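Counting convention: from 1, in listed order, for ligands and their atoms alike. Numbers here are sequence positions counted from 1. Values in this document were obtained by computation on a predicted structure and should not be read as measured data.
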Amino acid sequence: MTSTLKIVDLHAKVEDKEVLRGIDLEVKQGEVHAIMGPNGSGKTSLAYVLLGHPKYVVTKGDILIDGQSIVNLKTDRRAKLGLFLGFQYPEEIPGLRFGSFLRTLAVEMRGDKTPLSQFYSNVKENLKKLDLDEAFLSRSLNEGFSGGEKKRAEIVQLLTAKPKFAVLDETDSGLDVDALKIVSSAINEVRGSDVGIILITHYQRILKYVKADYVHVLIDGRIVKSGDASLADEVEKTGYEALRPVQATT
Ligand SMILES: Nc1ncnc2c1ncn2[C@@H]1O[C@H](COP(=O)(O)OP(=O)(O)OP(=O)(O)O)[C@@H](O)[C@H]1O
Ligand SMILES: [Mg+2]
């Protein structure tokens, strides 16, 4: 059965700032939805609210997977239901080996029972796809990784987690052209194995390699325009300001 992630009239605040002001979005497994928007428009907030970051409070609306509301569930429960987040700024976790972390991710998210040797040989295949050396497995998660290595390590986590839905927050930022192609091809592979993807990005350059089914423009916590992949080209030409709704003056 194809699962659906549904976001309904979602409002959320962080501290006292209203960061999401009525988001509606429906993502099916295997679809790619690109979310574009200027700095501070609420893209990362949306990612955090979807995953249940404790600082973000949902004030209205709902998030559902196959009709079941997840809005009151803690992050680990959401992950077990198949939600994955690739961070805009991956945290360095000294003392947590990347290799052990990947195993925990697979076991906790989807009850992986693959024998260790088989598991790590799959992981090594995935590292190779992302052009990361095996030596990364024995390093602390993200510690001392370059910006681009952190982003590629997020995608190794995605390949390991095999979620139903992935929210990728600016996975393309900080990648050189070659890395962008490598990461894009891994994202395409994941999409091909029926993962629904919310691809948050500023620029359309990644969308040359990952074909979005839908593009949504987020401004001031609202989706102001949705369309097909051609909307990304329009944004590139006109900029975001042209899409900003006219403010009421009264
Ligand atoms: N803890 C906080 N307290 C107050 N305001 C916050 C807090 N966290 C985020 N914000 C504000 O919420 C707004 C949305 O931030 P968000 O990180 O979602 O933007 P973004 O679209 O991801 O931007 P960028 O493209 O720069 O990554 C910003 O104005 C930000 O300053
Ligand atoms: Mg952001």
Nearest heavy atom to atom 26 (O) of ligand 1: which of Leu20, Asn39, Leu46, Ile35 does it belong to? Asn39
Exactly one of Val190, Leu168, Ile197 should register a side-chain contact (heavy atoms from CB on, under 4.5 Å) with Val32. Which one does? Ile197
Contacting atoms of ligand 1, where contact means under 4.0 angstrom from a heavy atom of Ser45: 14 (C), 15 (O), 16 (P), 18 (O)
Please write down residue, atom name and distance for the protein heavy atom closest to atom 7 (C) of ligand 1. Val14 CG1, 3.6 Å
CZ/Phe165 to CG/Asp194 distance, rounded to the nearest 0.5 angstrom? 9.5 Å
Of all the non-hydrogen atoms in the protein, which one sits nearest to atom 13 (C) of ligand 1, and at what distance? Lys17 CE, 3.5 Å
Closer than 2.8 Å to the Mg ion (ligand 2), do we get an N, O or S atom from Ser45, backbone or side chain? no
To the nearest 0.5 Å, what is the distance between NZ on Lys162 and CG on Leu105? 11.0 Å
Identity and separation of the nearest protein heavy atom to atom 14 (C) of ligand 1: Gly40 O, 3.5 Å
Under 4.0 Å between heavy atoms, the region of Thr44 that gets near ligand 1 turns out to be both
Near Glu170, which atoms of ligand 1 are under 4.0 Å from a heavy atom of that residue? 25 (O), 27 (O)
With a 4.0 Å cut-off, would you call Lys28 and Glu26 a salt bridge? yes
For ligand 1, which atoms sit closer than 4.0 Å to a heavy atom of Pro38? 21 (O)
Does Gly42 reach ligand 1 with a nitrogen or oxygen that is under 3.5 Å from one of the ligand's nitrogen or oxygen atoms? yes
Identify the closest protein heavy atom to atom 25 (O) of ligand 1: which residue and atom is it, and at what distance? Lys43 NZ, 2.7 Å
I need the nearest protein heavy-atom contact for atom 12 (O) of ligand 1: residue, atom name and distance, please. Val19 CG1, 3.1 Å
CG (Asn122) and CG (Leu127) are apart, to the nearest 0.5 Å, by 11.0 Å
Does Lys13, at its NZ atom, have more than 12 non-hydrogen atoms belonging to other residues, nucleotides or ligands within less than 6.0 Å? no
Interfacing atoms of ligand 1 (cut-off 4.0 Å, heavy-atom, His202): 25 (O)
Glu15/Lys55 under salt bridge (Lys or Arg N to Asp or Glu O under 4.0 Å): CA gap, chis, key distance, verdict: CA-CA 7 Å; Glu15 308 298 339; Lys55 266 196 166 172; 3.7 Å; yes
Is there a donor-acceptor contact under 3.5 Å from the side chain of Asp62 to the main chain of Ile7? no
Classify the angle between the aromatic ring planes of His53 and Tyr56 as parallel (below 30°), tilted (30 to 60°) or perpendicular (above 60°). perpendicular
Please work out whether the ring planes of Tyr48 and Phe87 are parallel, tilted or perpendicular, with thresholds of 30° and 60°. tilted
Flag Gln88 as yes if one of its N/O/S atoms falls below 2.8 Å of the Mg ion (ligand 2), otherwise no. yes
Please compare Gln88, Met36, His53, Glu15 and report which has the shortest non-hydrogen distance to atom 2 (C) of ligand 1. Glu15
